[in-house]
Amino acid sequence: MNNSLVSIIVPCYKQAHLLPETLDSVLKQTYRNWECIIVNDGSPDNTSEVANQYIMKDKRFVLLEQENQGLAMARNNGIKKSQGQYILPLEVQEEIQEQYLFAPL
């Protein structure tokens, strides 16, 4: 079985209220070898506080803070920080099913 690391990149700007649903869906994954990089794109809301709650729950969550640069740059900066062999870009309003990640071939 291949246990390749999957990097999940979640850019966030003014969507802290939706972030828990997305991150909860990541936590429920049956495939366990992942990291989740939450990119706070200079959001004026409590994105960082919400992200830090998840970091305290699970060390696979990582917070990247940056000045507002837009969705594409936030995603690209998250990818640059990632260590995974595979990348999953995930929007804040999205939720993934428990078996969305699986052991890549």
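Bear in mind that the values here come from a model prediction, so they are computed numbers and not experimental data. The chain is numbered in sequence order, starting from 1.
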Task: Backbone N/O of Leu90 and side chain of Arg75: donor-acceptor pair under 3.5 Å - done: no

Open item on the list: Under 3.5 Å, is there a donor on one side chain and an acceptor on the other for Gln85 and Ser4?
Closed with: yes

Task: Within one Ile-Leu-Val-Met-Phe-Trp-Tyr cluster: Leu27 and Leu18, side-chain cutoff 4.5 Å - done: yes

Open item on the list: Tell me if the CD atom of Glu67 is crowded by more than 12 foreign heavy atoms within 6.0 Å.
Closed with: no

Task: Least distance between heavy atoms, Ser25 atom then Glu94 atom - done: OG-O, 4.5 Å

TODO: Spell out, as yes or no, whether a donor-acceptor pair under 3.5 Å connects the side chain of Gln29 to the backbone of Leu101.
DONE: yes

- [ ] Decide whether Leu63 and Tyr13 are clustered together by the hydrophobic rule: side chain heavy atoms of Ile, Leu, Val, Met, Phe, Trp, Tyr closer than 4.5 Å, transitively.
- [x] no

Open item on the list: Working to the nearest 0.5 angstrom, can you tell me the gap between Lys80 NZ and Leu64 CG?
Closed with: 10.5 Å

Open item on the list: Let's go through Gln69 and Asn77 carefully: what are the C-alpha distance in whole Å and the side-chain angles of both, what is the deciding distance for side chain to side chain contact (heavy atoms under 4.5 Å, CB included) to 0.1 Å, and is it a yes or a no?
Closed with: CA-CA 10 Å; Gln69 297 176 44; Asn77 288 336; 3.7 Å; yes

- [ ] Take atom CD of Glu49 as the centre, draw a 6.0 Å sphere, and report whether it contains more than 12 heavy atoms from other residues, nucleotides or ligands.
- [x] yes

TODO: Kindly indicate whether the side chain of Leu71, heavy atoms from C-beta on, has any atom under 4.5 Å from the side chain of Glu91.
DONE: yes

Task: Under-4.0 Å salt bridge between Lys81 and Glu35 - done: no

Open item on the list: Any non-hydrogen side-chain atom of Ile55 less than 4.5 Å from a side-chain atom of Val62?
Closed with: no

TODO: Applying side chain to side chain donor-acceptor pair (under 3.5 Å), run through Tyr54 and Asp24 and close with a yes or a no.
DONE: CA-CA 9 Å; Tyr54 282 84; Asp24 285 341; 2.7 Å; yes

Task: Flag side-chain contact, heavy atom, 4.5 Å: Arg32 against Arg60 - done: yes

Task: Common cluster, Val50/Val26, ILVMFWY with side-chain heavy-atom separation under 4.5 Å - done: yes

Open item on the list: I'd like to know if the side chain of Ser43 reaches the main chain of Lys14, judged simply by a donor and an acceptor atom lying under 3.5 Å from each other, with no hydrogens or angles considered.
Closed with: yes

Task: Any donor-acceptor N/O pair, Ser7 side chain to Gly84 backbone, under 3.5 Å - done: yes

Task: From Asn46, Ile38, Asp45, residue fulfilling side-chain contact (heavy atoms from CB on, under 4.5 Å) relative to Leu19 - done: Ile38

- [ ] Taking the six-membered ring for Trp and the full ring for Phe, Tyr or His, determine whether the centres of Trp34 and Tyr100 are under 6.0 Å apart.
- [x] no

- [ ] State plainly whether one hydrophobic cluster holds both Leu23 and Ile37, where clusters connect Ile, Leu, Val, Met, Phe, Trp and Tyr through side-chain heavy atoms under 4.5 angstrom apart.
- [x] no

TODO: Might you work through the side chain to side chain donor-acceptor pair (under 3.5 Å) test for Thr47 and Asn40, ending with a clear yes or no?
DONE: CA-CA 7 Å; Thr47 294; Asn40 181 359; 4.5 Å; no

- [ ] Would you kindly confirm whether Leu5 and Leu88 end up in one hydrophobic cluster when ILVMFWY residues are joined by side chain heavy atoms under 4.5 Å apart?
- [x] no

Open item on the list: Quick one, Ile87 and Ser82 - any side-chain contact, counting heavy atoms below 4.5 Å?
Closed with: yes

Task: Donor-acceptor under 3.5 Å (Asn68 side chain, Asp41 main chain) - done: yes

